[in-house]
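Please read the structure below before turning to the comments.
In what follows, chains are A, B, ... by sequence order, proteins preceding strands, each numbered from 1.
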Amino acid sequence: MRIATWNVNSLRSRIDRVEAFLERHDIDVLALQETKAREDQLPLMGLQGRGYEVAAAGTNQWNGVAIISRVGLEDVQVGFDAMPGFGDPVAAEARAIGAVCGGVRLWSLYVPNGRKVDDPHYAYKLAWLGALREAARNWLGEDTALVGDWNIAPLDEDVFDIAQFRTSTHVTAPERAAFQAFLEDGYAEVTRAHAPGYTYWDYYRQRFERDRGLKIDFVLGSPSFASRVTGAFIDRDERAGAGASDHAPVVVELD
DNA sequence: ATGGTTGCTCGGCAA
């Protein structure tokens with residue numbers, strides 16, 4: 001089974017690329033973030049025609065998560081227990097969607113960005129991660145994958161120029177501790193060992209062309225899930241050319 | 001410190 005995660009930055013503007021990506025890599029389950037579409041706006045025909053089911057939560061503007069699966073899509077859950085909100089409750093709900101696909105409980109996650117360290121959104125980010133951790137502890141005994149845009153660069157080497165991020169979110173000690181807490185609980189990040197390199201490059205200043213990016217998209221697996229992982233890769237080519245998302249998809253291969 | 005780009009929508013915000 002092949003599972004992928006991709007911050008697609010608008011599903012409607014990227015649908016042709018999404019369908020081509022699914023075919024190119026023979027993907028069974030795709031977790032999307034920043035779909036920027038309400039459920040009634042989803043472009044479904046090409047996906048359903050290829051045998052995929054879709055579950056989504058989102059607004060027309062920001063955030064938005066979805067799961068696309070051709071190996072079953074059951075027990076769909078929008079948000080997790082005690083998930084905190086920020087402003088628009090619909091936008092808050094559009095940060096986490098879970099479903100059982102091919103026997104795996106998969107969560108597509110769009111961790112709050114945090115904006116600035118002194119912004120209330122940063123405190124919300126940490127609270128959100130804390131609530132996710134509490135919920136996720138209960139899923140360690142199953143085949144569970146927490147996938148998506150974590151908006152955290154766990155290591156200095158995950159940032160093209162760490163000095164430039166001295167006052168920025170994504171690299172602060174509390175954010176990195178929040179990420180590490182999942183690993184301490186027993187989750188394993190399963191992509192890094194197989195797939196080095198960045199997953200996100202800003203649109204401006206030709207960041208992709210100069211490979212000045214961040215590694216912020218991850219797949220955290222419960223012990224039984226992690227033991228099934230045989231490989232992973234970052235589809236860097238998908239980030240190239242006109243009309244690309246600012247994130248590349250990350251693909252995980254399972255036994 | 002600022003600006004650079006893209007998306008959703010057509011002003012301004014979020015990333």
Rounded to the nearest Å, what distance is computed from the CZ atom of residue A:Arg12 to the C1' atom of nucleotide B:dC8? 7 Å
Following the transitive rule for hydrophobic clusters with a side-chain heavy-atom cut-off under 4.5 Å over Ile, Leu, Val, Met, Phe, Trp and Tyr, establish whether A:Val65 and A:Phe21 coincide in one cluster. no
From CZ of A:Phe208 across to C1' of B:dG4 the rounded distance in Å is 18 Å
Figure out the CG/C1' separation between A:Asp161 and B:dG4, and round it to whole Å. 16 Å
Expressed as a whole number of Å, how far does the P atom of B:dT5 sit from that of B:dA1? 22 Å
Side-chain N,O (A:Ser10) to OP1/OP2 (B:dT6) below 4.0 Å: no
Taking a hydrophobic cluster as the set of Ile, Leu, Val, Met, Phe, Trp and Tyr residues connected by side-chain heavy atoms closer than 4.5 Å, whether directly or through intermediates, do A:Val250 and A:Phe218 fall within one such cluster? no
Whole-Å distance between B:dG3 C1' and A:Gln164 CD? 12 Å
With rounding to the nearest 0.5 angstrom, report the OH to CZ distance, A:Tyr198 to A:Arg212. 8.5 Å
If I pick the C1' atom on B:dT6 and the same atom on B:dC10, what distance separates them, to the nearest angstrom? 15 Å
Does A:Val111 belong to the same Ile/Leu/Val/Met/Phe/Trp/Tyr cluster as A:Val147, with side-chain heavy atoms less than 4.5 Å apart forming each link? no
Modelled atom types, side-chain donor and acceptor of A:Asp88 and A:Trp62, under 3.5 Å: no
Is there side-chain contact between A:Val29 and A:Arg2, with heavy atoms separated by less than 4.5 Å? no
Could you run down the sub-3.5 Å N/O contacts of the protein with nucleotides 13-15 of chain B?
residue : atom : partner  : partner atom : Å
B:dA15  : OP2  : A:Arg115 : NE           : 2.7

In numerical order, the residues of residues 211-220 of chain A whose heavy atoms come under 4.0 Å of DNA chain B are none
A:His121 and A:Phe86: aromatic ring centres closer than 6.0 Å? yes
Euclidean distance, atom CZ of residue A:Arg205 to atom P of B:dT2 [Å, nearest integer]: 13 Å
Please report the distance, rounded to the nearest Å, between CZ in A:Arg166 and P in B:dA1. 12 Å
A:Ser227: what forms a side-chain hydrogen bond (donor to acceptor under 3.5 Å, both in side chains) with it, not counting sequence neighbours? none
Check step by step if ring pair (Phe, Tyr, Trp, His ring centres under 6.0 Å) holds for A:Phe225 and A:Trp139. CA-CA 11 Å; A:Phe225 178 92; A:Trp139 312 328; over 10 Å; no
What contact category does A:Arg38 fall into here, base, sugar-phosphate, or nothing, at under 4.0 angstrom with non-hydrogen atoms? nothing
If you pin A:Asn60 and A:Arg207 to their nearest nucleotides in DNA chain B, which one's is more 5'? A:Arg207
